[in-house]
Structure formats: C-alpha cells, structure tokens
Amino acid sequence: MPQSSRPSLPLVMAEPRGRAKPPRHLADLSLDERTAYATELGLPAYRAKQLSTHYFERLVDDPDEMTDLPAAARGELVAAFLPRLMTPLRTLEADRATTRKTLWRLFDGALVESVLMRYPDRVTMCVSSQAGCGMACPFCATGQGGLQRNMSTAEIVEQVVAGARSLARGEVPGGPARVSNVVFMGMGEPLANYPAVVGALRRLTEAAPSGLGMSARGVTVSTVGLVPRINQLAELGLPVTLALSLHAPDDELRNELVPINTRFSVDQTVDAAWNYARITRRRVSIEYAMMRGINDQAWRADLLADVLLARGDWGWVHVNLIPLNPTPGSKWTASDPADEREFVRRLEARGIAATVRDTRGREIDGACGQLAATADGSSR
Ligand code: SAH
C-alpha cells in the first residue's frame with residue numbers, strides 16, 4: 001500500500017512503443033529455445049550447441065576460430081546467433097590494471113558501463129541492467145539522467161562474457177582466470193527489469209554450454225527495494241545474494257535518498273529482505289552509503305540496529321557501509337572516517353556484522369554511472 005499521498009511511481013517503467021529491440025542473441029534463449037531456433041532457420045539442431053560452446057565455454061568471438069562449423073556457413077551462423085551487441089568505447093584502468101571499467105555503446109547508441117575487479121582470490125564483474133535508471137536517487141550519477149531503456153538478457157550477460165574473455169586471454173595482470181562473482185551494481189535498477197535480469201541469472205548459473213556455469217552464491221542482485229519483486233525473486237529457487245540499498249533506517253530520510261521509499265516504506269522493504277533471507281537461507285546485505293552529516297550519525301546506527309534486530313538476530317543480515325563517492329555537483333560528501341568507525345562499532349556492539357567496502361576504482365569514477373554521464377555530456 002502506498003504509505004503517503006504522493007503520486008506513486010510505476011513499478012516497471014513502460015518503454016515507448018515501436019522502439020527497435022536489441023538484436024536477438026543465443027544468450028537470450030535457453031538451450032532448448034536455441035535448438036528450436038536453429039531448426040526454424042533450417043539448420044541442423046546441433047549447431048545451437050556448437051555455437052553455445054563457443055560462446056559460453058571457449059569464450060571465442062572470432063568466427064575463424066569456430067573450426068567445427070563449415071567455413072562457408074560461419075558468417076551466417078554467427079549473424080543469427082552471436083550478433084554484436086555492444087562496442088567498447090573506452091576502458092579505464094586502476095589498481096595496477098586489476099580494476100578495469102569499460103564504457104559500452106549498445107546497438108542503439110545507449111551507453112552502459114561494466115567494471116572488472118580482480119582480487120587475489122576472486123574476480124568480480126559489476127554489470128549494468130538498464131541504460132540509465134528511473135529510481136532517481138539524488139546521490140547517484142545514474143539516477144540523475146533518468147531511464148533510457150531496459151537491457152536485454154544477452155546485453156547483460158555479454159558484459160560478464162566480455163570480462164571472462166579478457167581474463168581467459170590473459171589481458172588482466174595475474175594470469176588467466178575466471179569470473180567468480182557478478183554484482184548487479186552498475187547502472188540501472190535490476191528488479192525494474194525483472195524478466196531480463198532473471199534470464200541473465202539463469203544464463204550465468206546454468207551449466208555450460210547452456211550458460212556460464214557460475215555458482216548462484218557468487219551472484220548479487222542489488223536493489224532499491226521493489227518489494228513485490230524481492231518476494232518473487234525469493235520464490236525463484238535461485239539462491240543469489242540480495243543486497244538492499246537502504247541508506248537510511250527512517251522513512252523521513254529514506255524518502256529523500258531513495259525516492260521509491262514513498263511507495264515501499266523502510267518497514268515493508270526490510271520485511272521483504274528478511275523474508276528473502278528466510279526463504280533462501282542466504283544472508284542479505286544491507287548497503288549503506290555513508291554521507292557526511294546526512295545519514296552517518298551515531299543515533300542512526302542505533303536506529304538501524306533496532307530496525308534490523310526487530311526481525312531477529314539469527315545472522316540474517318550483514319551491513320555493508322559504502323564511503324560515498326560524490327558525484328559532480330553533489331551537495332553530499334563522504335563521512336569522516338571517525339564517524340564511520342563509530343557507526344561500525346555501534347552496529348557490532350549490537351551483534352550485527354558490518355564492513356566498510358573498499359573503494360576500488362574510485363579514481364576511474366567507480367561510482368555507478370559517472371563515466372557514462374561524462375561521456376554523454378561531452379558528446380552533446
Ligand atoms: N539500483 C540498484 C543497483 C545499482 S547501484 C541499487 O540501487 O541497489 C549499486 C549501489 O551503489 C547502490 O547501493 C547504490 O545506492 C550505490 N551508489 C550509487 N551511487 C553512489 C555513490 N555516488 N557513492 C556510493 N554509492 C553509490
């Protein structure tokens with residue numbers, strides 16, 4: 001129920017009619033659907049599996065390397081199943097090239113970003129799920145430009161596969177490696193593009209050659225808190241990690257920082273997160289961007305502890321404090337480190353696990369949407 005009389009935001013933004021769709025790609029389809037599509041095109045059914053192996057297992061994109069396909073038919077097969085979805089416009093590197101941020105141009109000119117972060121024990125890909133975002137959080141660069149469009153399943157998956165390819169080719173220092181984690185913390189609100197995101201979750205976790213064969217536990221979906229979608233995701237049976245961008249424990253402040261809160265209150269949103277943890281047995285991560293003098297007071301740490309512990313203390317939740325990465329022209333700045341430490345101390349004193357997120361890639365505008373926002377501005 002809407003908790004205030006403000007006009008409610010549509011949960012899934014309607015897309016303008018008649019807009020061209022991203023090219024159909026095998027990653028949009030299940031293996032069965034790919035096989036049916038091959039048959040429809042008058043091709044032998046096993047071509048679907050061969051192409052799937054090239055894409056998800058061998059990570060090749062050059063038709064010349066697909067030597068099990070008849071040379072004369074390769075071009076046509078690749079055009080039908082593996083059309084080009086996105087073109088890299090810029091890559092920025094940081095942390096001795098173990099953090100790589102790529103700005104992509106989609107088929108229709110829309111810009112999105114992905115970030116690869118290599119750690120000693122894992123590689124995380126941060127992906128976008130929409131071009132732009134309709135959630136309008138005032139501290140977030142993406143939120144300022146509004147929503148352009150939803151991304152397709154294949155456009156989401158391709159960001160991970162592109163990262164996997166560059167790792168397999170040894171382009172990232174540290175030798176060949178695989179992508180172990182995917183976080184939906186790039187541009188967009190993943191649960192406002194629910195069907196395409198669920199498709200991507202399936203492709204990421206299905207065994208090869210149907211998908212990439214990742215563990216669902218390594219995948220995190222981050223959301224502003226679209227309550228009905230959180231409940232739906234809980235019932236899906238894919239135990240991905242849920243991250244809830246809470247940023248404030250009280251409705252008054254959260255209404256300002258995360259405007260969808262006027263539709264789903266803190267209580268309703270945290271209930272949904274708790275329900276997700278209960279059903280999936282996965283610990284939920286509460287995201288909290290620390291903003292100086294705004295949401296970082298000691299009393300708000302206590303209130304946050306109250307809100308979380310009201311749902312039980314069985315370790316269902318973990319708080320991830322994110323030092324704010326100020327966006328250009330933003331009136332907010334990052335918290336004082338002493339306030340940050342006190343915030344953590346108060347949560348821990350109440351038995352709540354809390355960590356401060358490292359700030360990888362800060363110098364390459366690690367905060368979501370900043371690179372695309374700059375590119376967009378300079379091209380106008
Ligand atoms: N729409 C989703 C996922 C994208 S943003 C969501 O809101 O969860 C991923 C995380 O980065 C969110 O917690 C978001 O609030 C946070 N974020 C956005 N802009 C930021 C900034 N300038 N500094 C720090 N964190 C930011």
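Ligands are counted one by one from 1 in listed order, and the atoms in each one are counted from 1 as well.
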Verify whether one side chain among Ser285 and Glu287 offers a donor that lies under 3.5 Å from an acceptor in the other.
yes
Mode of Phe184 contact toward ligand 1 - side chain, backbone, both, neither (heavy atoms, under 4.0 Å)
backbone
Ligand 1 contact on Thr223 by region, counting heavy-atom pairs under 4.0 Å
backbone
Could you list which atoms of ligand 1 come closer than 4.0 Å to a heavy atom of Gly186?
4 (C)
Centre of Tyr119's six-membered ring, under 6.0 Å away, within 45 degrees of the axis: is that where NZ or CZ of Arg122 sits?
yes
For the residue pair Tyr288 and Phe343, categorise the inter-ring angle as parallel (less than 30°), tilted (30 to 60°) or perpendicular (more than 60°).
tilted
Need the ligand 1 atom indices (1-based, order shown) with element for anything under 4.0 Å from a heavy-atom of Leu324.
21 (C), 22 (N), 23 (N), 24 (C)
Which pairs with one or both residues in residues 155-165 pass salt bridge (charged side-chain N to carboxylate O under 4.0 Å, His left out), sequence neighbours excluded?
Asp61-Arg165, Arg149-Glu155, Glu158-Arg165
Side chain or backbone, does Gly188 bring an N or O within less than 3.5 Å of an N or O on ligand 1?
yes
Below 3.5 angstrom, do we get any N/O pair linking Ser245 and ligand 1?
yes
Any sub-3.5 Å donor-acceptor pair from Thr99's side-chain atoms to Asp95's backbone N or O?
no
Considering only heavy atoms, does His247 approach ligand 1 within less than 4.0 Å through its side chain, its backbone, both, or neither?
side chain
If the contact criterion is a heavy-atom separation under 4.0 Å, does Glu189 count as touching ligand 1?
yes
Geometric cation-pi criterion, Arg24 with Phe81: 6.0 Å, 45°:
no
Is Thr327 close to ligand 1, meaning an N/O of one under 3.5 Å from an N/O of the other?
no
Closest to atom 21 (C) of ligand 1 (judged by heavy-atom distance), picking from Asn325, Val224, Val127:
Asn325
List every atom of ligand 1 that sits less than 4.0 Å from any heavy atom of Cys140, numbering the atoms from 1 in the order shown and giving each element.
18 (C), 19 (N)
Under 3.5 Å donor-acceptor, Asp339 side chain and Ser335 backbone:
no
Give a yes or no on whether Asn231 atom CG has more than 12 heavy-atom contacts from other residues, nucleotides or ligands under 6.0 Å away.
yes
One residue to check: Met185. Relative to ligand 1, which of side chain, backbone, both or neither has a non-hydrogen atom less than 4.0 Å away?
both
